[in-house]
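Numbered from 1 within each chain, the chains take letters A, B, ... in sequence-line order. All values derive from a computational prediction rather than experimental measurement. Values reported hereafter were calculated over all heavy atoms of this structure, with side chains retained and with hydrogens, waters and symmetry mates removed.
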Number of protein chains: 2
Amino acid sequence: MALPEGAAAHEFRSQCSIARTMEILGDRWTLLIVRDLMWHGKHTFQELQTSAERMPTNQLSQRLKLLVDWGLVDKQVYQERPVRYRYVLTEQGRALEPVLLQIMQWGHKALGGGLYDPKAGRTVAPARNPASVER
Amino acid sequence: MALPEGAAAHEFRSQCSIARTMEILGDRWTLLIVRDLMWHGKHTFQELQTSAERMPTNQLSQRLKLLVDWGLVDKQVYQERPVRYRYVLTEQGRALEPVLLQIMQWGHKALGGGLYDPKAGRTVAPARNPASVER
DNA sequence: AACAGTCACTTTCGATTCGAAAGTTGCTAT
DNA sequence: ATAGCAACTTTCGAATCGAAAGTGACTGTT
């Protein structure tokens, strides 16, 4: 099976799995898109951009394109006339769930962020105010 | 116990633990510093900057400052005259190990990166050429 | 037929950040 | 005096970011 275009063309700067991953996911937005696709039932451009963090639309557009190129996301037409698109995680993309979970755990403990339970589909521990975060 | 300065002053853009974490670790370099401090015995500025990925020294300097501000890294003087510094992970910093491990797993499977075993202190699966990465 | 609305983007542009290289500081060693 | 090293800092052009406005294809309403 062939690589997605974006991936095939790319020369990684190092052998390290972590470095390689950071070349794809190492920015403020990309993992938030993955989070919304994975857990929050957001699948259209509209839904993704009206998400909590209000990412700029040009960034969303670019990131989605990259995620598709890397084979983490699939872009499907779910309606013709007018044509509308739905973004869905591929198997590769879904494989990021343990990464998201670990990051969430850390962000919860260290930064007082909320804790979401994917199985229950709801937040099980609300975020604390940054000012009250203790070490 | 008080928050580290950088953290106390900061207003997160969202409640989400993942979004908060990405505000700190969401760039190409920061996690690589954490990786080197955690697993590869690199603790001085010199050691960190001659690491595989050759990060620019101004970035290294900035990132280290932020990591110290966030309380993930401790900067210690290990030698006076001339004064020399050693960077060490705090407990918060060490708590990132499961995150690193999951990212490594994903980067190995999805991008053909190498697999390092922290307990054994060595690479247990070498990186594959990007061109040969299969899905 | 004209006009408002929706979705999915793209364009623009000033501000910020990045990265490569060179420069600085404080000290030791010859 | 000169060279060398560690740990940065400065410089500066290039790349990227973010906020806002604009575009195009269509539908639904008057």
Please tell me which of A:Arg13 and A:Phe45 maps to the more 5' nucleotide of DNA chain C, matching each residue to the nucleotide holding its nearest heavy atom. A:Phe45

May I have the distance from [X] (atom [atom1]) to [N] (atom [atom2]), rounded to whole angstrom?
X: A:Lys42; N: C:dA8; atom1: NZ; atom2: P; value: 14 Å
X: A:Tyr85; N: C:dT10; atom1: OH; atom2: C1'; value: 14 Å
X: A:Gln62; N: C:dC9; atom1: CD; atom2: C1'; value: 12 Å
X: A:Leu60; N: C:dC7; atom1: CG; atom2: C1'; value: 12 Å

Taking the side chain as every heavy atom from C-beta outward, state whether [X] and [Y] have any atom pair closer than 4.5 Å.
X: A:Leu67; Y: A:Tyr87; value: no
X: A:Leu115; Y: A:Gln105; value: yes
X: B:Leu32; Y: B:Trp29; value: yes

Listed pairs under 3.5 Å, donor-acceptor, residues 118-125 of chain A side chains, sequence neighbours left out:
none

Contact nearer the 5' end of DNA chain D, comparing B:Gln49 with A:Pro56: B:Gln49

List every contact pair, protein side and nucleotides 22-30 of chain C side both N or O, where the distance is under 3.5 Å.
from	atom 1	to	atom 2	distance (Å)
C:dT28	OP1	B:Arg81	NH1	3.4

Should the heavy atoms of other residues, nucleotides or ligands under 6.0 Å from CD of A:Gln76 be counted, would the total exceed 12? yes

Among residues 22-31 of chain B, which residues get a heavy atom nearer than 4.0 Å to DNA chain D? none

Closest heavy-atom pair and its distance - B:Gly113, B:His108: O-ND1, 2.7 Å

What pair of heavy atoms forms the shortest contact from A:Arg28 to B:Met22, and how long is it? CG-O, 3.8 Å

Under 3.5 Å donor-acceptor, B:Arg94 side chain and B:Leu89 backbone: yes

With B:Ile33, which of B:Leu37, B:Leu31, B:Asp36 fulfils side-chain contact (heavy atoms from CB on, under 4.5 Å)? B:Leu37

With sequence neighbours excluded, residues passing side chain to side chain contact (heavy atoms under 4.5 Å, CB included) with A:Glu47: A:Lys42, A:His43, A:Thr44

Need two values: the first and the last nucleotide of DNA chain D, 5' to 3', having an atom under 4.0 Å from any heavy-atom of chain A. D:dC17 to D:dT27

Give one of base, sugar-phosphate or nothing for B:Gln59, where a contact means two heavy atoms less than 4.0 Å apart. base

Which is true for B:Arg63 with a 4.0 Å heavy-atom rule: it touches a base, it touches only sugar-phosphate, or it touches nothing? sugar-phosphate

Can I get a per-line list of side-chain donor-acceptor pairs under 3.5 Å for residues 53-61 of chain B, giving both atom names and the distance, sequence neighbours left out?
from	atom 1	to	atom 2	distance (Å)
B:Glu53	OE1	B:Arg35	NH2	2.8
B:Glu53	OE2	A:Ser14	OG	2.8
B:Glu53	OE2	B:Arg35	NH1	3.1

Phosphate OP1/OP2 of C:dC7 contacted by A:Tyr78 side-chain N/O (<4.0 Å): no

